[in-house]
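Contents: one structure, followed by commentary.
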Amino acid sequence: MQEGEVETGQETVTTATFEPNIVAFCCNWCSYAGADLAGVSRMQYPHGIKIIRVMCSGRIEPSFVLDAIESGADGVLVTGCHIGDCHYVSGNEKAEKRTKMITELLDILGVGSDRFRLEWISASEAAKFAQTMNEFSEHITQLGPNPLKFVEPEPPDEGAGSSEIIKELIQDTGAFDCVECGKCTSVCSVANNDPEFAPRLIVVKALEGIGAELAREKDIWSCTSCGECSAMCPYKVDYAEFIRGLRVESAMLGTVPICSQGGLLHSMMRIMANSDFEQNRLEWVDEELQIADTGDVFYFTGCQPQLDAIFQNRELNLTDIGRSAVKIMNKAGVVPVVSNNEKCCGHDLNWIGDEANVELLMNHNLDLIRKSGAKTVVYTCAECYRTFNIDYQAMAGDLEFRMVHMTEYLNELIDAGKLKFKEGTDLKVTYHEPCRLSRHCGIYDAPRDALAKINGIDLIEMERIRDKAACCGVSAWLNCDGTAKKLQIERMIEAKRTGADAVLTNCPKCYIHLDCSIRDEIPVEREEVEIPLKDFTVVVAEALED
Amino acid sequence: MSTDVMVIGGGIAGIQASLDIADKGGHVILVEKTPSIGGRMAQLDKTFPTNDCSICILAPKMADCYSHPNIDVMTYSEVIGVEGDAGNFNVNVLKKARYVDETMCTGCEECVVKCPVKLPNEFDQGLGERKAIYMPFAQAVPRVVTIDKENCIWFIKEKCGACKILCKREAIDYDQKDEEVNINVGSIIVAIGYDLWDPTPASEYGYGKYPNVFTGMEYERMINASGPTGGEMQRRSDGKRPHKLAFIQCVGSRNPQLGHAYCCSVCCMFSTKEAMLAREHHEDIDSAIFYKDLRAFGKGFWEYVERAKKDYGVRYINSDATVQENPKNNNPIVVYDVAGRPEKEEFDMVVLATTLIPRSDAVKVAEMIGIPLTQFGFFESKDRILGPVDTKRDGVFLAGYCREPMDIPESVAEGSAAAARAVETVLEKGVSV
């Protein structure tokens, strides 16, 4: 959706005078013609409805809906041709499938799916059009205004990316030590597959003092911040942080990066940051799992339910990770705090340079953890772990609670004799290292040690491991492109070559990316890449004694 | 009190120091850990910037040194303890048993031919073979064989004994024992040289993983006429000779992350030399040198590089690089950055200019003699600028690479400098040399 097409801003309104702002996406061939007919037939409907014409209801991405909500719309309506009538044969069927995802996502977020509706209206159904509009408007009036605290985006700051700021960034990230040797380019997975991208050039430009232009360049958005370069940089320049710093400046200059799925995830995070809706994120907690509201151990689940809703057609079942984690802890006699009020850690926002919203999310999460009385926070997501450990502590100072990743926690529980594993597991696995956990936080041994302590699980290493492990191709929901696909397929080939029964990872994002890469058409034979992909925690939970 | 000088290390720096002192009438005890003097220079094929044959200019000095009436050369020996002060050091030297009577052995090597145990040859960087009884290299001084006890069948299971049976001069003595000798000297020169860094941990270069990735010293042995391949470059994967060579600089050096933040000071030049030698061997060879910065700082060095470019067609590419492999033909693929764009190029062979590091026993030697180490693990000078060969300990001097990275001419100069300083010490102590 183009900026400015949606009436933004939510004035303070009382329910008595409340006239809902509704965005109605109408397909060109049926619904928009229906609206036209309603118009020429002088049928009345509320003036708060803003129509956006699209060529097909299939054009509506879930991010459009979230964007509208985020921008202050009280309700969103998608209208299209009746099933079977689609001008493009099956566009409306796609819209229908997406509706399920949108409603689930809105429910989890607490926005409520009743602020969204999908209707089929043909070109001749002027009366139905007017009636639908009236009904929906009435319905939204009943619901009241969108309670999201809409924050007007900051106007571009022309002073951003100044040479002083870049100079500071160069100092802070050690880029000052760069000897321009080009090692970064030669090891970079992206550069290896994309002749347009060379990490060395970015640092060299910064060192030459052309930082302000740098902040406007597209190259800074191609980096996956995986840290492969830093791991081998002779002078250990913190390249990922250097790129993040540039992105912060770039964002302040008004750059809007091209995010995957139209920035759906970022929208979702901003909505969380700027609302206090009652979320519905604990549906995965089934009866056999014991969780608490207060206690010593807090399990920070991350965005599993949201991602499950978004990728429901792929049946990833990422909430299995949560179930497995709680199951493991329960077995060890730990009843963790799992909160419905948890919000996203803000990782993806942080890596597109939106520090303000990360801070809002951080304040909320820290407050939540403190109120729970937890002394230890356990993570199953590599991104959450990194964001808490590095970014939150950079912003809020040292945190008073202990932060452990599930792999570390597993070692503790096993060493304390609290976990028993069953006989008869016979699994050869290989391990894909998430960059956020390994290179960013230095956790290399914990997952390997934990696997070694489990009956019947053998680890076969891939060729590129530890600090030289290959990247899953995408970070921060940016740069999902042909290069990313190449990296992912390369990685899956590598995993398959080990001869293992499954490839494990402990980052939901790596999981999604690696899974995605081999779903559609691939440039290699299927048997070269097809290897079951599993989450680390899930596999460990499956090996537990009953 | 003694006016003798002990030189620890029989490389070019130690040899030069010994000769200088001995020629002026001083008495020198040269202690060398390996069975032969000569050191690293003996392993090199040619030397920059003149492309002189390395062993040809070194061997006469080795022979001079060994036969000099004023020099006692103790090979296969190690210093194990130092006591006392300038003018009066008591040094304990462990004379390791070589199980061969040095005075009887003529170096005919008949025993070597018959010895059934084949082992990788350290002198050839493991590329060639040696026997359990061996001559370290063709020009070894002294020309005496040594038995490698760890691998000799006689010492493992008391069988074989072929060498003893064959030796007409009855030089083989299985009962020889390690011997500890106490030597009183007035001054000590430490010239223990360097070790070669093993690039296997830096797996981005593919050494040990891809067969056609070599280290500089391996290449040096290969291209040497008396080396394991008789001077032919051979790919490890198929034994074929390469047509395209890549030399990667600063492998492990100027890299604090790998623990060696210093410039090794020789790899820009020796890679240039190696690339030139390749072209001298075969007209059709195409060489590329990947460098961080080209440090051709010595006299005639830049001209040497220019000559490599003009007369030998060597390409210089300003980028560090990593190595991948084409699985079809085992050709290494070099990945690098040129003018801000990633590039890949396939070669037949990659030669890594691995860094040179302080010797593994430098710490032990430093503790024993009581001299500090620098942050990089080299011996620390008393004053880096005004007293480079002096140490903080009176009467102890440094020469060569064990002090800081340097090339052969500099090592020779330091050998002479340390010699002069050592002689001054023994003179100062009131006894004429």
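Here is how names work: the chains are called A, B, and so on, in the same order as the sequence lines, proteins then strands, and each is numbered from 1.
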### Task
Evaluate the ring planes of H260(B) and W197(B), with Trp represented by its six-membered ring, and classify them as parallel (under 30°), tilted (30 to 60°) or perpendicular (over 60°).
perpendicular

### Summary
When the 4.5 angstrom heavy-atom criterion is applied to S253(B) and chain A, the contacting part is neither

## Note on the structure
Answer key: most heavy-atom pairs under 4.5 Å with chain B among C188(A), A231(A), C184(A) is A231(A)

### Query
I202(A) versus I243(A): any side-chain heavy-atom pair under 4.5 Å?
yes

#### Entry: Salt bridge present between R235(B) and D238(B) (N-O < 4.0 angstrom)
yes

### Task
Quick one: sort the H440(A) and W351(A) rings into parallel, tilted or perpendicular, breaks at 30° and 60°.
tilted

### Message
Using every non-hydrogen atom in the two residues, find where F242(A) and L169(A) come nearest and quote the distance to one decimal.
### Response
O-CD2, 3.5 Å

### Task
Check whether the ring centres of F214(B) and Y219(B) lie less than 6.0 Å apart, and answer yes or no.
no

### Greatest number of heavy atom pairs closer than 4.5 Å to chain B - which of V187(A), D194(A), V204(A)
V187(A)

### Task
Could you tell me whether E306(B) and K309(B) make a salt bridge, using a distance below 4.0 angstrom between a side-chain N and a carboxylate O?
yes

### Task
Kindly state whether the ring of F378(B) and the ring of Y194(B) have centres lying under 6.0 angstrom apart.
no

#### Entry: K236(A), part contacting chain B, at a heavy-atom distance under 4.5 Å
both

### Query
Any salt bridge between K496(A) and E527(A), counting N to O under 4.0 Å?
no

### Message
Counting heavy-atom pairs under 4.5 Å with chain A, which one of K344(B), K292(B), R341(B), E343(B) comes out on top?
### Response
R341(B)

### Sorted by number, residues from residues 400-407 of chain B in contact with chain A (heavy atoms, under 4.5 Å)
none

### Message
Between the side chains of K485(A) and E521(A), is the shortest nitrogen-to-carboxylate-oxygen separation below 4.0 Å, so that they form an ion pair?
### Response
no

### Query
Based on non-hydrogen pairs under 4.5 Å, which of A198(A), A191(A), P199(A) is most in contact with chain B?
A198(A)

### Task
Apply ring pair (Phe, Tyr, Trp, His ring centres under 6.0 Å) to the pair F176(A) and Y235(A), showing each step before the final yes or no.
CA-CA 9 Å; F176(A) 189 74; Y235(A) 291 87; over 10 Å; no

## Note on the structure
Comparing D337(B), V338(B), L258(B), N255(B) against chain A, the one with the most heavy-atom pairs below 4.5 Å turns out to be D337(B)

### Query
So which part of N192(A) gets closer than 4.5 Å to some heavy atom of chain B, the side chain, the backbone, both or neither?
both

### Message
Which one wins on heavy-atom pair count under 4.5 Å against chain A: N318(B), D320(B), V334(B)?
### Response
D320(B)

### Query
Relative to chain A, which segment of Q324(B) carries a heavy atom at a distance below 4.5 Å: side chain, backbone, both, or neither?
side chain

